[in-house]
2 protein chains.
Amino acid sequence: MDAQLKILDIHEVPLVCRACDARHSGICSTLTPLQLTELNKHSQRRAVEAGTELIGQGQQVHSYSNILRGVIKLSKIMADGRQQIVGLQFAPDFMGRPFLGESLMAAEAATDAELCVLPRKILERMISESSELGSRLHNQALTELDEARDWMLTLGRKSAREKVASLLVLVAAHADPDRLGACAFELPLSRADIADFLGLTIETVSRQMTKLRKDGLIHIENNRQVYVPDLDKLAVTAGGD
Amino acid sequence: MDAQLKILDIHEVPLVCRACDARHSGICSTLTPLQLTELNKHSQRRAVEAGTELIGQGQQVHSYSNILRGVIKLSKIMADGRQQIVGLQFAPDFMGRPFLGESLMAAEAATDAELCVLPRKILERMISESSELGSRLHNQALTELDEARDWMLTLGRKSAREKVASLLVLVAAHADPDRLGACAFELPLSRADIADFLGLTIETVSRQMTKLRKDGLIHIENNRQVYVPDLDKLAVTAGGD
DNA sequence: TCTCATGCTTGATCCAAGTCAAAGTCGCTA
DNA sequence: TAGCGACTTTGACTTGGATCAAGCATGAGA
């Protein structure tokens, strides 16, 4: 295989991960052409439908993924079945917890999704070879930590109404990052998922959604299509800040 | 100064951060002698008493620290004053959020503490020069992320009793990492801090502590001295797992 | 077209934790 | 050694969100 690598002219080496394609802004852009070629031999695109469990809590980790499309939910389950979603990952996030053999939580596709799957061993070798890749993943970990701590404030100190508004603001931010006035998007989560993310019950989520609707802060169609006439106002009811 | 560096024999260069000292297991052990010498010119030991604010939410970050002794609490405050502690840092943790000019939360000494303070610019240069240092901080970030997500489960899905038990187990783990049966420790937090960490009120924390006491799961003296006769049993009432 | 499953909403009731208020406890200083 | 202030506990009452129990859409399959 080494021989095969060497005879490739550098300009013929694909400059982006074959499975991910050029638009993808994940980790691939930090790799050298040689590393990409190596990765191309092992990475593969995978399409999954909503509800597919990608890995279970406590299972062995064999791969990492770039998320190309869709939303993945990360959740923890207690012995008696209580569940908490501890993170949402949107394209083009990198998904996975480097340097740990066993997953501390479950990952499940919240929507239909597409992934670029990278074998664990290969990626970990690349991290040790490319400090730019390492620092990129370091930065993603720090961003996720910031987000987790923001959410701790939401879970610990906000009312149900503020929690639901916070979730809508979060999703809106990912759907349309720089929109400040009105915006429209599709909710990637069911009411049950929202409840698990906010530490509430389905019924409470539903009631708060209706209240926000009656207060004119949001419009909803077909349970999932959300229109927010004034994102600032919604952000204020989410707890200001 | 370069001249001064060069005339030092390598064996005379202190192999540990002067301010931190040899026992310290923080970031210093990943640096080369030259880097340590450079760091020694700028790092300084700082003793602070309980209650000292080290940095406020939204303030500019000028330094990072190794925690040599004591406990630091990281907290977020909402506009109306509601507060949530989003992390506790124990010695010998590294404290600080690399690559971000502005602090997203406040840091305050929960107990009397000692720090080894490192200027931001110097440390960030060293991170870019030493991939081992970078990967060490990467790992710390990942560990903090794991802890934050664990705590999200506690905040979102546990009862007040389970929350208080969880906190006691957490502190016990840091006080005496491998003790499984009985253990004793001093609480580094006031009731108000505990409430802010657990998303509860002072009164509820107090009531749950008395209940745990009456149930024989813990003994408390002088509000802060805790004795746990059976850590496993406490861990079970903290929510198993 | 009916039925059944799934997911969402709405209503009635209950309870865990919050709020308000008072009374300990301890250390510090005068 | 009395008095003050900070912290903690305890009690009485209130309330926000959970629980239990119907209803209401929508869509798939028979």
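Convention: sequence-line order gives letters A, B, ...; per-chain numbering from 1.
Rounding to whole angstrom units, CD of residue A:E162 and P of D:dG17 are separated by 9 Å. In this structure, the CG atom of B:D193 is 16 Å from the P atom of D:dA6, given to the nearest Å. Nucleotide D:dA12 holds its P atom 15 Å from the CD atom of B:E203, rounded to whole Å. In this structure, B:I202 atom CD1 and D:dT9 atom P are separated by 10 Å, rounded to whole Å. With rounding to whole Å, B:N223 atom CG is found 12 Å from C:dG27 atom C1'. Per the geometry, CG belonging to B:L189 stands 10 Å off P belonging to D:dT8, to the nearest Å. Remark: P of D:dT8 and CD of B:Q225 are 14 Å apart, rounded to the nearest angstrom. Note: CG (A:L187) to P (C:dG7) measures 15 Å, nearest angstrom.
Of all nucleotides listed (C:dT10, C:dG18, D:dT8), C:dG18 comes nearest to the side chain of B:T204. Which of D:dT8, C:dT9, C:dG18 sits closest to the side chain of B:L200 comes down to C:dG18. Side-chain atoms of B:S206 lie closest to D:dT8 of the nucleotides D:dA21, D:dA12, D:dT8. Checked against D:dT10, C:dA17, D:dG17, the side chain of A:Q208 finds its nearest nucleotide in D:dG17. Set against C:dA17, D:dT8, C:dG18, the side chain of B:T201 has C:dG18 as its closest nucleotide.
Contact annotation: side chain of A:R207 to base of C:dG11, donor-acceptor pair present below 3.5 Å. The base of D:dG17 lies outside donor-acceptor range of the side chain of A:R161, with no N or O pair under 3.5 Å.
Look at A:R69 and A:D112 and you find no salt bridge, because none of the NZ, NE, NH1 or NH2 atoms lies under 4.0 Å from a carboxylate O. Ion pairing of A:D196 with B:R157 is present here, as a side-chain N (NZ or NE/NH1/NH2) and a carboxylate O approach within less than 4.0 Å. By the 4.0 Å N-to-carboxylate-O rule, A:R224 lies too far from A:E186 to be salt-bridged with it. A salt bridge is absent between B:R97 and B:E144: the closest approach of a Lys/Arg side-chain nitrogen to an acidic carboxylate oxygen does not fall below 4.0 angstrom.
Taking the nucleotide of DNA chain C with the nearest heavy atom to each of A:R157 and A:M209, the more 5' of the two is matched to A:M209.
Contact annotation: B:R191 reaches the phosphate of D:dT9 (side-chain N/O to OP1 or OP2, under 4.0 Å). Distances shorter than 4.0 Å separate some side-chain N or O of A:T210 from OP1 or OP2 on C:dT10.
No engagement by B:G51 is indicated, since no non-hydrogen atom pair under 4.0 Å with the nucleic acid exists.
Residue B:M95 is tested with B:I55, B:N66, B:L54 for a side-chain contact (heavy atoms from CB on, under 4.5 Å); the sole match is B:L54.
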